[in-house]
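Okay, structure first, notes after.
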Amino acid sequence: MNNFKNLRGTVDLFPNQLIKWQNVEKILIDQLSRASIKEIRTPILEMTELFIRGIGEGTDVVSKEMYTFLDRGERSCTLRPEGTASVARALIQNGISSKPLQKLWYMGPMFRYERPQAGRQRQFHQLGVEFVGYEAVRSDIEIIALAWDILGKLGIKELNLEINTLGDLNDRLNFQKSFLEWLEINKDSLDVDSQKRINKNPLRILDSKNVHTKKILENAPRLFDFLSEKSLERYLVLKKQLKFLKIPYIENFNLVRGLDYYTHTAFEITSGSLGSQATVCGGGRYDNLIKQMGGKETPAIGFAIGLERLILLAGKELEAERQTDIYIVNKGLNAELLAMNLSRKLRKYDLLVELDVTGASFSKQFKKANKLKSKSIIVVGDEEASNNEFVIRLFNKDNSETKEETISVENDIKLEKWIKNNLFLK
RNA sequence: GCGGGCGUCGCCAAGUGGUUAAGGCAGCGGCUUGUGGCGCCGCUAUUCGGGGGUUCGAAUCCCCUCGCUCGCCCCA
């Protein structure tokens, strides 16, 4: 209350919550590496200009959501709001943007200054995948299938894939010309937000959720009708191949996505169980970005998955905590020394071993072991210590008769045998 | 930036103007320094997000403010 608080839109994650995070991350990384995709790490902090140029000045992200500040050298810095621009920058800077066949992933925090709500935070986390140098439609398919399968691997059901095509730069310019003419005529019928976008970012008007505007837009020229033959063909092949892979999709001609750099394929995966922030994965092709940022002409496609939303969707079975295998109850000077050594020895095995270092009474230590639902306990007291031995006992769930054994400290063979019989083979 | 809902202990909560602010969980201590989940006993909010006001009297009513939350816009 009068003390420090975390900043709005940020969260603390505690061990019990992180079990799920760690499990999800493990599955993700495993799936990515099986698809031969390699990790890349770029700074969280970048020059502000990178995002303005990369994402586009008229976008919501750039115009109102960035965490931007001046550093001590008066440089304008920004906490990254997304990952693609940074990856593009890193590749160009290191002279490898034109080297084809880069399949990369990254995972980490992103920052956008917005009002938090369910499934939305100011600091959030994304897993991003970028295929750089790939032009073929099959790379689009590979990207979409990968995203689709990763979500499936996590046991997430009831997902919807929406796709659209934005054409290439020329298609877009042609469309924009006639769309702007139409907008000029129908300007007064649009909602205020959309009117503002006419000069800044006209394409985004297509995406308006305003019911009235939506209705009017039904009579507007369609980007789809301005696609070149080549672009159209590309899109048809995409749909055909998705069908072949039995990945269900919905066409959404109003799906333009918020960032300027997209070309051709744009897609989103949503889930109805997420509330109003339904998008768990968004992505698309960005053939012009790298050139526009100063690199060589390099086609590319990628997607990003929101980890918070993913965690929300992932099943409860990923929350299970690892059970303690052995809890070491110990009291008395020599006993405590013996117990310390024993715990070090036991951690050579793949066991979760907890050494009680409270010095509390035996009964307290026992209660703790029970509370943790430890599979077994080791007891070392003065008596055992003086004989250079310890007692190991299996905890039974039903509190019935227990299996107990006294083992000499030197007798590693007997200890190992006991562990194998009682803890490994279950 | 704009709407709706909500702020009582670490968590879940009762209390809706009358003087000591229920209860449960968790935590700590004890019964019980050396041996099993149970049980029983005790401890843990001079104060109800903060500030001001009304009143003899406020957690309860009013105003302001802060925070959380859900939605809008947009996105992961």
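Note: hydrogens, waters and symmetry copies are ignored here, and every other heavy atom, side chains too, is used. Reminder, nothing fancy here: chain letters follow the sequence lines and each chain counts from 1.
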Sub-4.5 Å side-chain heavy-atom contact between A:E405 and A:K417: no
Length of the line joining A:E25:CD and B:A76:C1', which is rounded to integer Å: 15 Å
Which nucleotide in B:G71, B:C73, B:G36 has an atom nearest any side-chain atom of A:F366: B:G36
Euclidean distance, atom CZ of residue A:F111 to atom P of B:C74 [Å, nearest integer]: 24 Å
Just the atom pairs and distances: protein N or O near nucleotides 26-33 of chain B's N or O, under 3.5 Å.
unit_1, atom_1, unit_2, atom_2, d
B:G27, OP1, A:K371, NZ, 3.0
B:G27, OP2, A:K371, NZ, 2.9

Separation between the P atoms of B:A58 and B:G49, rounded to whole Å: 15 Å
Pair A:T48-A:T78, side-chain donor/acceptor within less than 3.5 Å: yes
Evaluation steps, side-chain contact (heavy atoms from CB on, under 4.5 Å), between A:E308 and A:W21: CA-CA 9 Å; A:E308 278 77 8; A:W21 276 81; 3.5 Å; yes
Closest nucleotide among B:G71, B:C74, B:A76 to the A:D60 side chain: B:C74
Heavy-atom side-chain proximity of A:L127 to A:E25 below 4.5 angstrom: no
Nucleic acid contacts - residues 377-391 of chain A versus RNA chain B, non-hydrogen atoms under 4.0 Å: A:V379, A:G381, A:D382, A:E383, A:E384
Distance, rounded to the nearest Å, where A:R112 contributes CZ and B:A76 contributes C1': 6 Å
Pairwise distance OH(A:Y113) to CD(A:E65) - rounded to 0.5 angstrom: 11.5 Å
A:L313 to A:S271 - nearest heavy-atom pair and separation: CD2-OG, 3.3 Å
Sugar-phosphate only, base, or nothing, as touched by A:G119 at under 4.0 Å among non-hydrogen atoms: base
Parallel, tilted or perpendicular: ring planes of A:Y134 versus A:F131, cut at 30 and 60 degrees: tilted
Whole-angstrom distance between B:U54 and B:C62, as gauged at atom P: 15 Å
Whole-Å C1' distance, B:C41 and B:A45: 22 Å
Sugar-phosphate only, base, or nothing, as touched by A:Q121 at under 4.0 Å among non-hydrogen atoms: base
A:E46 and its salt bridge (Lys or Arg N to Asp or Glu O under 4.0 Å) partner, picked from A:R80, A:R53, A:R89: A:R89
B:C11 versus B:C66 - spacing of their P atoms, nearest Å: 23 Å
Sugar-phosphate only, base, or nothing, as touched by A:E114 at under 4.0 Å among non-hydrogen atoms: base
Distance between C1' atoms of B:C48 and B:G15 (Å, rounded): 11 Å
A:Y67 versus A:Q123, side-chain donor and acceptor atoms under 3.5 Å: no
Touch class at under 4.0 angstrom, heavy-atom based, for A:R197 against every strand present: sugar-phosphate
Whole-Å C1' distance, B:G10 and B:U55: 35 Å
For A:Y235, the option from A:D140, A:L166, A:T265, A:I163 that meets side chain to side chain contact (heavy atoms under 4.5 Å, CB included): A:I163
A:E65 CD - B:G1 P separation (whole Å): 13 Å
Smallest separation among heavy atoms of A:V353 and A:R347, with atom names: O-NH2, 3.1 Å
Where A:S374 and A:F395 come nearest, the two heavy atoms and their spacing: O-CD2, 3.3 Å
Value in whole Å for how far the P atom of B:C75 lies from CD of A:Q277: 10 Å
Among A:E162, A:E82, A:E268, salt bridge (Lys or Arg N to Asp or Glu O under 4.0 Å) partner for A:R257: A:E268
Interatomic distance where CZ belongs to A:R122 and C1' belongs to B:C75 [whole Å]: 14 Å
Short N-O contact, A:K26 and A:D30, less than 4.0 angstrom: no
Taking every non-hydrogen atom, the tightest pair across A:K153 and A:I27: CG-CG2, 3.8 Å
Atom pair distance, as rounded to whole Å: CZ in A:F124 and P in B:C75: 12 Å
Pairwise P distance for B:C43 and B:C25, with rounding to whole Å: 15 Å
B:C74 OP1/OP2 closer than 4.0 Å to side-chain N/O of A:T59: no
Interface with RNA chain B, restricted to residues 306-314 of chain A and to heavy atoms under 4.0 Å: A:G306, A:R309
Atom pair NZ/CD of A:K375 and A:Q323 - distance to nearest 0.5 Å: 5.0 Å
Those residues of residues 11-23 of chain A lying under 4.0 Å from RNA chain B by at least one heavy atom: none
Qualifying residue for side chain to side chain contact (heavy atoms under 4.5 Å, CB included) with A:W148, from A:I143, A:I247, A:L242: A:I247
C1' gap between B:A26 and B:A13, integer Å: 14 Å
A:W182 to A:N219 - nearest heavy-atom pair and separation: NE1-O, 3.6 Å
Pull out every protein N or O sitting under 3.5 Å from an N or O of nucleotides 65-68 of chain B, one pair per line with the distance.
unit_1, atom_1, unit_2, atom_2, d
B:G67, O2', A:K5, NZ, 3.2
B:C68, OP2, A:R8, NE, 2.7
B:C68, OP2, A:R8, NH2, 2.7

Of residues 320-328 of chain A, the positions that come close to RNA chain B - non-hydrogen atoms, cut-off under 4.0 Å: none
Flag for A:D149-A:Q31: side-chain donor and acceptor within less than 3.5 Å: no
Phosphate-side-chain proximity, A:Q117 and B:G71, N/O vs OP1/OP2 below 4.0 Å: yes
Worked check of salt bridge (charged side-chain N to carboxylate O under 4.0 Å, His left out) between A:E319 and A:K20: CA-CA 5 Å; A:E319 292 169 20; A:K20 194 171 186 182; 3.3 Å; yes
Comparing A:Y113 and A:A304 on RNA chain B - which has the more 5′ nearest nucleotide: A:Y113
Interatomic distance where CZ belongs to A:R120 and P belongs to B:C72 [whole Å]: 9 Å
